[in-house]
Amino acid sequence: MERTLIKDLMGKIGQQVKIQGWLQILRDQKSMQFLVLRDRTGLVQITLWKKGNPELAEKISTLGVESALTVFGKVVENEVVKLGGIEIQLENLKVEGNAEAPLPFEPFGETLPDQDYRLDWRYLDLRRQRNRLIFEVQTTLEEGMREYWIQHNFIEMHSPKTMGTPSESGAELFEIKYFDRTAYLAQSPQFYKQMAMAAGYENVFEIGPVFRADPSFTSRHMTEFTGVDMEMSWIDDHDDVMKFMENWLAFSFQAVKDKHNEEIKTLLGTEMSVPSVPFPRMTMAEAYQVLKSMDYKLPPEKKGDLDPGAERALGNYIKEKYDNDFVFVTDWPATVRPFYHMRHEDNPTLTKSFDLLGKGLEVTTGAQREHRYDVLAAQALEKGLTLPPIQNYLNYFRYGCPPHGGFGLGLSRLLMVLLDLPNIREAVYLFRGPNRLEP
RNA sequence: GGGGGCGUGGUGUAGUGGUCAAACAUGCGGCCCUGUCAAGGCCGAGACCGCGGGUUCAACUCCCGUCGCUCCCGCCA
């Protein structure tokens with residue numbers, strides 16, 4: 001017999017059905033048993049008159065909530081039933097996976113345990129529909145991103161995650177044993193996607209894991225996360241990257257809205273909005289003016305940079321003034337940017353770079369890259385790097401590399417912004433942090 | 001790495017020097033209940049109050065250390 005999904009039961013009134021799901025509630029009375037079964041599409045009540053099948057009733061009495069069940073019965077209409085006005089008259093039941101009692105916690109209880117404890121029992125926490133929805137949204141979001149890229153002739157890359165030499169900055173890399181030598185986990189596909197530019201791919205993207213050995217204890221950091229990276233060739237400057245990016249992002253958000261708008265409202269209590277294009281832009285210098293006008297005081301050591309408080313303040317300002325959740329902050333000082341960001345011709349202290357803030361949270365860093373070998377090498381030296389460790393990278397620019405730029409985006413951070421999630425641990429399937437390697 | 005906060009039955013909380021051999025809710029077990037539906041009623045089990053040391057006649061409560069969690073900052077996506 002074929003399985004019927006709970007949402008389709010209305011069309012099967014009077015028929016025998018097989019449904020499969022988890023026992024959410026068992027009300028075991030003297031003469032009647034009521035089971036509420038949950039599958040990914042909804043809840044339904046299942047009813048058994050005990051005297052009609054004492055053996056089955058006995059079996060049901062031993063069930064723990066959250067057991068995985070296959071249920072056979074007849075769908076009947078019953079106005080008395082508050083759960084959709086229908087119920088299933090139970091005929092047979094197979095226990096596929098019994099749940100021990102008590103559960104570590106009640107996923108559907110009125111109060112939930114601390115997040116850290118729920119992380120220990122992540123699969124139970126994920127049974128809540130609102131958590132399932134987060135990853136349905138993520139799936140649609142990535143689908144939208146891919147669709148837009150493919151429409152624009154991008155090639156998908158899968159770059160290695162093990163590296164022989166530290167690339168951008170040694171401090172934040174995880175060292176791993178690699179036979180008789182040391183290797184490093186990639187903290188960005190940066191160099192590899194630029195290599196694709198040198199290879200003449202013109203447009204590439206990658207969605208893959210990146211690793212950061214930062215001992216960060218915040219609601220928005222992870223030691224391993226999914227990076228969304230792209231790089232495009234033959235641009236005039238970083239604004240070409242921003243133009244592409246805002247349209248790409250709006251397209252992907254629209255895909256999410258088309259598919260999940262109602263559920264996001266009901267399960268997450270948030271109204272999602274598709275940002276209007278173009279996103280507001282402000283240079284770093286303008287951002288400082290705005291902060292000054294808001295009386296936001298940056299710590300003096302943050303010269304030329306923003307701190308999280310400043311980012312939140314700018315997010316609020318943009319929301320109020322332009323009614324947009326996003327803002328590009330451009331033209332960051334070279335002092336706070338990596339050596340490979342291209343600098344302005346008329347002002348070499350500033351880079352052709354940008355951050356994208358979403359609701360005041362940094363979700364992206366991007367730039368036009370320096371593709372001229374001599375300039376790039378000079379900038380590396382100026383930053384205090386030595387050339388031999390990055391010579392393989394520098395070589396990409398020796399035999400005809402086109403002008404190019406791109407960005408890296410944190411997938412879970414974008415989900416936080418999209419769904420108004422307060423903590424990145426909710427926006428990722430399994431969180432990894434300095435003290436969290438399990439499950 | 002720096003700073004703040006927290007750590008009490010399975011879970012969420014209350015209790016902040018003696019009245020606590022620790023309370024409430026929920027969950028769990030048992031019994032009762034002609035259809036329940038956030039079901040309800042009764043009974044029961046379950047915590048040496050994170051760990052170690054100290055102060056005190058007396059510590060869940062104060063102090064020190066330690067571990068864990070959490071938030072903010074640094075770092076970044």
Side-chain angles (χ1 to χ4, degrees), chain A residues 24-36 43-51 61-62 64-66 76 78-85 87 89 99-121 124-125 168-169 171-172 187-190 207-229 298-299 301-302 305-312 336-338 355-358 361-366 407-417 422-425 427-428 433-436:
Chain A
Q24 187 157 322
I25 299 170
L26 172 60
R27 285 190 274 269
D28 197 348
Q29 297 190 216
K30 186 171 191 178
S31 63
M32 300 286 292
Q33 282 171 329
F34 301 95
L35 298 78
V36 175
L43 299 168
V44 69
Q45 173 167 290
I46 295 151
T47 311
L48 180 71
W49 180 54
K50 285 180 162 180
K51 280 184 182 157
S61 292
T62 68
V65 287
E66 288 302 310
V76 296
N78 187 346
E79 285 177 10
V80 178
V81 180
K82 291 182 180 173
L83 201 57
E87 65 185 349
Q89 292 175 345
E100 295 170 32
L103 295 161
F105 74 97
E106 299 114 62
F108 301 94
E110 285 175 50
T111 57
L112 290 168
D114 287 344
Q115 185 171 58
D116 190 61
Y117 181 82
R118 279 182 282 138
L119 252 34
D120 289 338
W121 298 95
L124 290 179
D125 199 33
E168 292 175 66
S169 71
E172 57 190 19
Q187 30 67 289
S188 157
Q190 182 61 34
I207 299 178
V210 294
F211 304 89
R212 304 279 167 95
D214 298 320
S216 297
F217 299 91
T218 76
S219 56
R220 61 187 184 280
H221 285 90
M222 302 188 274
T223 48
E224 176 180 347
F225 64 92
T226 301
V228 177
D229 275 85
L298 274 161
E301 71 272 13
K302 295 297 293 188
D305 207 346
L306 297 175
D307 67 4
E311 288 168 355
R312 285 190 291 269
V336 298
R337 292 305 225 193
D355 272 14
L356 179 68
L357 307 181
L361 176 68
E362 181 180 341
V363 293
T364 296
T365 296
F407 63 81
L409 173 149
L411 181 60
S412 299
R413 283 198 178 178
L414 188 63
L415 270 178
M416 287 174 74
V417 172
N423 194 309
I424 203 161
R425 284 155 227 199
V428 67
N435 290 324
R436 170 67 70 176

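Computed from a predicted model, the values in this text were never measured in an experiment. Chain letters run A, B, ... following the sequence lines, proteins first, then strands; residues in each count from 1.
- Distance from the side chain of Pro308(A) is smallest to rG74(B) among rG12(B), rA77(B), rG74(B).
- Remark: rG68(B) base-pairs with rC6(B). Criterion, Watson-Crick or G-U wobble with two distances under 3.5 Å.
- rC57(B): Watson-Crick or G-U partner is rG18(B), with both key distances under 3.5 Å.
- Comparing the same atom, C1', in rC33(B) and in rC43(B) gives a spacing of 15 Å after rounding to whole Å.
- Note on Thr47(A): every side-chain N or O is 4.0 Å or more away from OP1 and OP2 of rG35(B).
- Regarding Leu356(A), its CG atom lies at a distance of 13 Å from the P atom of rA77(B), rounded to whole Å.
- Of the candidates rC75(B), rA38(B), rU34(B), the closest approach to any side-chain atom of His221(A) belongs to rC75(B).
- rG1(B): Watson-Crick or G-U partner is rC73(B), with both key distances under 3.5 Å.
- In terms of heavy-atom proximity, Pro434(A) sits nearest to Pro215(A) at CG-CA, 3.8 Å.
- Nucleotide rU11(B) holds its C1' atom 13 Å from the CG atom of Asp125(A), rounded to whole Å.
- Closest to the side chain of Thr111(A), from the set rG12(B), rG35(B), rA77(B), is rG12(B).
- rC73(B) and rU8(B) have their P atoms separated by 27 Å, with the value rounded to a whole Å.
- Listed nucleotides rA38(B), rC69(B), rC72(B) differ in distance to Asn435(A); the shortest reach to its side chain belongs to rC69(B).
- Centre separation under 5.5 Å together with a plane angle under 30° holds for the ring of Phe34(A) and the six-membered base ring of rU36(B), marking them as stacked.
- Atom CG of Leu306(A) is separated from atom P of rG74(B) by 10 Å (rounded to the nearest Å).
- Within the 4.0 angstrom heavy-atom criterion, base atoms lie near Thr218(A).
- Residue Arg118(A) has no polar side-chain atom (N or O) positioned under 4.0 Å from OP1 or OP2 of rU70(B).
- Within 3.5 Å, no donor on the side chain of Arg436(A) pairs with an acceptor on the base of rC69(B), nor the reverse.
- For Gln45(A), no side-chain nitrogen or oxygen approaches OP1 or OP2 of rC37(B) to under 4.0 Å.
- Summarising the geometry, the separation between CG on Leu43(A) and P on rC37(B) is reported as 16 Å, rounded to the nearest angstrom.
- Below the 3.5 angstrom threshold, one finds a donor paired with an acceptor across the side chain of Glu87(A) and the base of rG35(B).
- When rounded to the nearest whole Å, the span between CZ of Phe217(A) and P of rC69(B) equals 7 Å.
- Nearest heavy atoms, Thr223(A) versus Asp214(A): CG2-O, 3.9 Å.
- Closest to the side chain of Phe225(A), out of rA38(B), rA77(B), rC73(B), is rA77(B).
- Ionic pairing of Asp120(A) and Arg436(A) is present here: one or more N-O contacts between side-chain nitrogen and carboxylate oxygen are shorter than 4.0 angstrom.
- Nucleotide rG40(B) has rC32(B) as its partner under the Watson-Crick or G-U criteria, with both atom distances under 3.5 Å.
- For the P atoms, the distance from rA39(B) to rU11(B) is 23 Å, rounded to whole Å.
- On a pure distance criterion of 3.5 Å, no polar donor-acceptor pair joins the side chain of Ser216(A) and the base of rC76(B).
- Looking at Gln115(A), its side chain has no donor and acceptor atom pair within 3.5 Å of the base of rU70(B).
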Do Lys50(A) and Gln29(A) pass the side chain to side chain contact (heavy atoms under 4.5 Å, CB included) test, and can you show the C-alpha distance, the side-chain angles, and the key distance before you say yes or no? CA-CA 9 Å; Lys50(A) 285 180 162 180; Gln29(A) 297 190 216; 6.0 Å; no
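- The side chain of Asn423(A) places an N or O atom within less than 4.0 Å of a non-bridging phosphate oxygen (OP1 or OP2) of rC71(B).
- With hydrogens and angles ignored, no donor-acceptor pair closer than 3.5 Å exists between the side chain of Glu106(A) and the base of rG12(B).
- Leu411(A) has its CG atom 15 Å from the P atom of rA77(B), to the nearest Å.
- Atom pair Asp114(A):CG and rG68(B):P shows a separation of 16 Å (rounding to whole Å applied).
- When all heavy atoms are compared, the tightest approach of Ser219(A) to Pro422(A) is CB-O, 3.8 Å.
- If you check rC75(B), rC37(B), rG74(B) against the side chain of Arg27(A), the one that comes closest is rC37(B).
- At least one side-chain nitrogen or oxygen of Arg220(A) sits closer than 4.0 Å to the OP1 or OP2 atom of rC73(B).
- Nucleotides rC24(B) and rG9(B), compared at atom C1', are 12 Å apart to the nearest Å.
- Closest approach to the Glu362(A) side chain among rG12(B), rC76(B), rG74(B) is made by rC76(B) (side chain taken as heavy atoms from C-beta onward).
- Rounded to whole Å, the P atom of rU34(B) lies 49 Å from the corresponding atom of rU70(B).
- When the C1' atom is compared between rG7(B) and rA45(B), the two are found 25 Å apart, to the nearest whole Å.
- Taking atom C1' in both rG44(B) and rG5(B), one finds a spacing of 38 Å when rounded to whole Å.
- Summarising the geometry of Phe211(A) relative to Gln187(A), their closest heavy-atom pair is O-CB, 2.8 Å, with the distance given to 0.1 Å.
- In this structure, Asp28(A) and Leu103(A) both approach RNA chain B, and ranking their closest nucleotides by distance from the 5' end singles out Leu103(A).
- Tyr117(A) places its OH atom 15 Å from the P atom of rG27(B), with the value rounded to the nearest Å.
- Spacing of C1' atoms, rA47(B) relative to rG10(B), comes out at 11 Å, to the nearest Å.
- Base pairing of rA25(B): its partner is rU11(B), meeting the Watson-Crick or G-U wobble criterion (both donor-acceptor distances under 3.5 Å).
- Contact record, Ser31(A) with Trp49(A): O-CD1, 3.6 Å, taken as the closest heavy-atom pair.
- In terms of position on RNA chain B, the residue among Lys82(A) and Lys50(A) whose nearest nucleotide sits closer to the 5' end is Lys50(A).
- Across all strands, Val363(A) comes closer than 4.0 Å only to sugar-phosphate atoms, never to a base (heavy-atom distances).
- Residue Asn78(A) is in base contact, counting any heavy-atom pair closer than 4.0 Å across all strands shown.
- Across all strands, Ile25(A) comes closer than 4.0 Å only to sugar-phosphate atoms, never to a base (heavy-atom distances).
- Across all strands shown, Val81(A) has heavy atoms under 4.0 Å from base atoms, whether or not it also approaches the sugar-phosphate.
- Closest of all the heavy-atom pairs between Gly358(A) and Val417(A) is O-CG2, 3.4 Å.
- When Arg27(A), Glu87(A), Gln33(A) are each tested for a side chain to side chain contact (heavy atoms under 4.5 Å, CB included) with Thr47(A), only one passes: Glu87(A).
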